[in-house]
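Okay, so here's the structure we're looking at.
Note that these values count all heavy atoms, side chains included, but never hydrogens, waters or copies made by symmetry.
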Amino acid sequence: MTERTIKVTVPATTANLGSGFDAVGMALNLMSEVYFTPDSSIRLADSPILEHGERAETLPQGMNNYLLSAMDLIAVRSGRKLTGGTFEVNNRIPVARGLGSSSAAIASGLLIGNELAGRPFNRTQLMEMACEMEGHPDNAAPAFMGGFCLSLMDEKGLIVKKIPVAAHWKAIVAIPEFELTTAKARSVLPDSYTRADAVHNLGAVSFLIAAFATDEPELLPMAFDDRIHVPYRLPLIPGAADVVELARKAGAYGSTISGSGSTMIAFSDEASAEAVRQAMAEGFAMHHIDSETLILEADDEGARLD
Ligand code: HSE
């Protein structure tokens, strides 16, 4: 028996924003849609996932897909058996490019599973489960909350503070043709840092929070002056240093790696956004790398059921 289709709309997210490694992220208005039509003749693990869009043909089926593993987590935590069904996904969030595709899939699966189970969990509980599945909260928190999110996750639990982003901030992304997995991008990071580097980042992240909380874009160069991950990851992204330099010359407040890469992100005002977009494409093109460039804004709402 087929029941009503559930639809989730979910944003891309950019994590770190320079100095906020594993703690800061923002939702972007690059949205994917996930439709789930329950069918009690299908077991959850066998639910077919029909993907359209980004890397549609290579995305995993079955419990290796975050949509299903997130629904399974709802089943386990709620003690409810969930029926399977058919997924249809309009995916606009590129995979393994530092734009939060895993968090988007996890958030979608959790929201759909929660609907099917009769809403046993509130939104905060769902966000906590998403952060637990990801291992760090910087994409998962804004995927649920929207806006610019500060988060702290430790053995005591998860705390998230959302700051709405003023409309004049434009987020320009340059998505290169090559993928960079988070695992690879994390493998190049050192196990420990000097006190000087830790203290430097405390200063830089203070400016990052101030830039958005008090709406002062001119603070962004200090905010993006990171010593925890950016210097180690730039060599993994050919052309990245030129993208940063050309974006700045074209009028960007600042430019850095989006999440763990390979996408580069810059922020500017509306008047400079098109020049920054072209400059970022040129930065990759100088290294014979094709990129898709988009002018985006913050998404204030986060994942939603329509
Ligand atoms: N904070 C994470 C990282 C984001 O930079 O590794 C990627 O998921």
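- A single hydrophobic cluster is not seen to contain both Val243 and Leu294; linkage of ILVMFWY side chains at heavy-atom distances under 4.5 Å, directly or through other members, places them apart.
- The neighbour count for Leu189 CG, taken as heavy atoms of other residues, nucleotides or ligands under 6.0 Å away, is above 12.
- Asp39 places a side-chain N or O within 3.5 Å of a backbone atom of Ser41 that can act as its donor or acceptor partner.
- When atom types are taken as modelled, the side chain of Ser32 and the backbone of Arg92 share a donor-acceptor pair closer than 3.5 angstrom.
- With sequence neighbours excluded, the residues forming a side chain to side chain donor-acceptor pair (under 3.5 Å) with Glu297 are Lys170, listed by chain and number.
- Rounding to the nearest 0.5 Å gives a distance of 12.5 Å between CZ of Arg227 and OH of Tyr193.
- Applying the side chain to side chain donor-acceptor pair (under 3.5 Å) test to Asp269 and every residue at least two apart in sequence or in another chain returns Ser272.
- The minimum heavy-atom distance linking Phe267 with Ala171 is given by the pair CE2-CB, 3.6 Å.
- The same ILVMFWY cluster, assembled from side-chain heavy atoms under 4.5 Å apart, contains both Ile74 and Ile49.
- The backbone N or O of Val205 lies less than 3.5 Å from a partner atom in the side chain of Ser19, making a donor-acceptor pair.
- Taking the ring pair (Phe, Tyr, Trp, His ring centres under 6.0 Å) definition, one finds that Phe148 meets it with Phe212, sequence neighbours left out.
- With sequence neighbours excluded, no residue forms a salt bridge (charged side-chain N to carboxylate O under 4.0 Å, His left out) with Glu88.
- Looking only at distances, no side-chain donor or acceptor of Thr9 sits under 3.5 Å from a matching main-chain atom of Glu33.
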### Task
Show the numbers, then the answer: is there a side-chain contact (heavy atoms from CB on, under 4.5 Å) between Val160 and Leu150?
CA-CA 6 Å; Val160 177; Leu150 318 174; over 6 Å; no
#### Entry: Worked verdict on Met31 versus Ile93 for side-chain contact (heavy atoms from CB on, under 4.5 Å)
CA-CA 7 Å; Met31 316 298 294; Ile93 307 173; over 6 Å; no
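- Phe21 meets the ring pair (Phe, Tyr, Trp, His ring centres under 6.0 Å) test with His229; sequence neighbours excluded.
- Tracing side-chain contacts under 4.5 Å through hydrophobic residues (I, L, V, M, F, W, Y), one reaches Leu44 starting from Met129; they form part of the same cluster.
- Using the six-membered ring where Trp is involved, Tyr253 and Trp169 have ring planes that are perpendicular, over 60° apart on the 30 and 60° scheme.
- No continuous path of hydrophobic side-chain contacts links Leu234 to Leu246 [ILVMFWY only; heavy atoms under 4.5 Å].
- A donor-acceptor pair is defined here as one N or O able to donate and one able to accept, closer than 3.5 Å; such a pair exists between the side chain of Ser255 and the backbone of Ile265.
- Glu216 meets the salt bridge (charged side-chain N to carboxylate O under 4.0 Å, His left out) test with no other residue; sequence neighbours excluded.
- With rounding to the nearest 0.5 angstrom, the CD1 atom of Ile175 is 10.0 Å from the CE atom of Met280.
- Checked by atom type and distance alone, the side chain of Lys162 pairs as donor or acceptor with a backbone atom of Met145 at under 3.5 Å.
- Among pairs with a residue in residues 134-151, those fulfilling side-chain hydrogen bond (donor to acceptor under 3.5 Å, both in side chains) read Thr13-Asn139, Ser103-Glu134, His136-Asp138, at least two apart in sequence or across chains.
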### Task
Go through the steps for His200 and Asp226 under the test side-chain hydrogen bond (donor to acceptor under 3.5 Å, both in side chains), then give the verdict.
CA-CA 8 Å; His200 174 92; Asp226 167 73; over 6 Å; no
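- The side chain to side chain donor-acceptor pair (under 3.5 Å) check on Ser258 picks up Thr14, with sequence neighbours excluded.
- We find the CZ-CG distance between Arg195 and Leu202 to be 12.0 Å, quoted to the nearest 0.5 Å.
- Tracing side-chain contacts under 4.5 Å through hydrophobic residues (I, L, V, M, F, W, Y), one reaches Ile172 starting from Phe284; they form part of the same cluster.
- In this structure, the salt bridge (charged side-chain N to carboxylate O under 4.0 Å, His left out) partners of Asp299, at least two apart in sequence or on a different chain, are Arg304.
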### Task
Decide yes or no on side-chain contact (heavy atoms from CB on, under 4.5 Å) for Phe121 and Leu111, but give the supporting numbers first.
CA-CA 9 Å; Phe121 303 111; Leu111 279 167; over 6 Å; no
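- Between Thr124 atom OG1 and Ile159 atom CD1 the span is 12.5 Å, to the nearest 0.5 Å.
- What you find for Tyr232 and Pro235 is that their closest heavy atoms are O-CD, 3.5 Å.
- Donor-acceptor pairing under 3.5 Å is lacking for the side chains of Asn91 and His52.
- Among the candidates Arg186, Arg97, Arg233, Lys184, the single residue satisfying the side-chain contact (heavy atoms from CB on, under 4.5 Å) test with Ser260 is Arg233.
- Note that CG of Asp215 is 11.0 Å distant from CD1 of Ile163, once rounded to the nearest 0.5 Å.
- Arg277 pairs by the side chain to side chain donor-acceptor pair (under 3.5 Å) definition with Glu274, Thr293, not counting sequence neighbours.
- If you run side-chain contact (heavy atoms from CB on, under 4.5 Å) between Tyr35 and each of Ile112, Asn90, Val8, only Asn90 comes through.
- Residues passing the ring pair (Phe, Tyr, Trp, His ring centres under 6.0 Å) test with Phe87, sequence neighbours excluded: Phe36.
- Looking only at distances, no side-chain donor or acceptor of His287 sits under 3.5 Å from a matching main-chain atom of Asp242.
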### Task
Begin with the C-alpha distance, continue with both residues' side-chain angles, and end with the deciding distance and a verdict on side-chain contact (heavy atoms from CB on, under 4.5 Å) for Val173 and Met264.
CA-CA 6 Å; Val173 292; Met264 300 298 294; over 6 Å; no
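- The neighbour count for Gln125 CD, taken as heavy atoms of other residues, nucleotides or ligands under 6.0 Å away, is above 12.
- With sequence neighbours left out, the salt bridge (charged side-chain N to carboxylate O under 4.0 Å, His left out) criterion links Glu115 to Arg4, Arg119.
- For the atom pair OG1 (Thr83) and NZ (Lys81), the distance works out to 7.5 Å, reported to the nearest 0.5 Å.
- Side-chain N/O atoms of Thr86 and Thr37 include no donor and acceptor closer than 3.5 Å.
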